[in-house]
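Structure first, then comments.
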Amino acid sequence: MKLAFFGDVVGKPGRSAVLSHLPGLKARLRLDFVVVNGENAAGGFGLTSQIAEEFFSAGADCLTLGDHAWDQREALTYIEREPRLLRPLNYPPAARAPGKGAELFTLPDGRRVGVIQLQGNVFMRQSLACPFAAADLALDQMPLGAVADAIIVDMHCEATSEKMAMGHHCDGRASLVVGSHTHVPTADTMILSGGTAYHTDAGMCGDYDSVIGMEKAEPLNRFQRKLPVERMRPAEGPATVCGVAVETDDATGLARAIAPIRVGGRLSEAAVSFWSAPSMT
Ligand SMILES: [Fe+2]
Ligand SMILES: [Fe+2]
């Protein structure tokens with residue numbers, strides 16, 4: 001199976017880039033299933049139903065969120081009626097968080113893809129329940145190669161160590177463990193020893209002439225003066241679409257190959273070549 005995950009879409013430039021590149025990428029790479037992290041799509045903060053529908057129309061099969069899940073209040077109700085939208089799985093039960101954090105999707109050809117979103121606890125604004133225990137429960141419910149033909153885990157957190165630990169925790173039980181949240185792509189796409197594809201962070205889909213997607217002036221001001229002067233606004237230059245593509249073995253659900261995708265904007269381009277896709281433009 002051919003899967004792709006795209007990192008946090010930031011504001012209008014990120015949305016425009018994803019909407020213009022995703023349909024072509026999905027066709028050229030013959031992607032069976034695409035996950036997009038949408039937690040910063042609405043002006044940098046959260047996701048609206050209208051924006052989500054645009055991503056679905058452009059080829060996203062599932063959208064994930066993160067610590068910005070509820071920045072747009074309509075997400076609290078939209079997620080209850082849209083099963084393709086996931087929030088972090090590991091909210092403590094007392095939170096009674098709406099929506100779901102894991103889902104098993106059935107493709108038109110009958111193959112099934114599981115998606116699980118987890119939120120880490122290191123250096124995050126809010127601690128949730130243990131993501132490792134949550135991963136165990138979800139993976140037990142959709143065993144790879146038995147119930148699910150492929151499983152994508154979006155590990156949403158700040159610390160590279162926590163993401164890498166989650167990769168090893170799920171190794172052999174998921175097709176792909178990929179990080180989101182830091183908005184900067186890492187250079188460590190690899191297949192772990194147990195057969196799970198891994199990437200510490202997919203990077204954002206946004207304007208990299210920025211501080212993690214936001215106009216530079218206000219973050220610089222806050223780092224130096226410790227006082228907010230104005231609202232954070234997404235940087236408005238051309239965005240780079242950042243993600244990762246994985247090919248899995250249908251017999252086991254484990255990864256055969258993984259490669260980064262970077263297209264447009266300021267970052268150096270990275271194209272997927274391992275399933276002989278034509279070059280991306
Ligand atoms: Fe985040
Ligand atoms: Fe984010």
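Counting starts at 1 for both ligands and their atoms, in listed order.
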> Just checking, Arg112 and Phe105: is the charged tip under 6.0 Å from the six-membered ring centre and within 45° of the axis?
Replying inline: no
> Which ILVMFWY residues can you reach from Ile212 by hopping between side chains whose heavy atoms are under 4.5 Å apart?
Replying inline: Val184, Val211
>> Distances under 2.8 Å only: what protein N/O/S atoms are near the Fe ion (ligand 2), ordered by chain and residue?
In response: Asp8 OD2, Glu39 OE2, Asn40 OD1, His183 NE2
> Should Arg262 and Glu269 count as an ion pair when the cut-off is N to O under 4.0 Å?
Replying inline: no
Listed pairs under 3.5 Å, donor-acceptor, residues 86-99 side chains, sequence neighbours left out:
from: Arg87; atom 1: NE; to: Pro98; atom 2: O; distance (Å): 2.8
from: Arg87; atom 1: NH2; to: Ala97; atom 2: O; distance (Å): 3.2
from: Arg87; atom 1: NH2; to: Gly99; atom 2: O; distance (Å): 2.8
from: Asn90; atom 1: OD1; to: Gln119; atom 2: N; distance (Å): 3.0
from: Asn90; atom 1: ND2; to: Gln119; atom 2: O; distance (Å): 2.9
from: Asn90; atom 1: ND2; to: Ala129; atom 2: O; distance (Å): 2.7
from: Tyr91; atom 1: OH; to: Trp70; atom 2: NE1; distance (Å): 3.0

Ignoring hydrogens and angles, write down the donor-acceptor pairs under 3.5 Å from the side chains of residues 46-55, residues two or more places apart or on other chains.
from: Thr48; atom 1: OG1; to: Ile51; atom 2: N; distance (Å): 3.2
from: Ser49; atom 1: OG; to: Glu74; atom 2: OE1; distance (Å): 2.7
from: Glu53; atom 1: OE2; to: Tyr78; atom 2: OH; distance (Å): 2.8

> Is there a donor-acceptor contact under 3.5 Å linking the side chains of Tyr198 and Thr196?
Replying inline: no
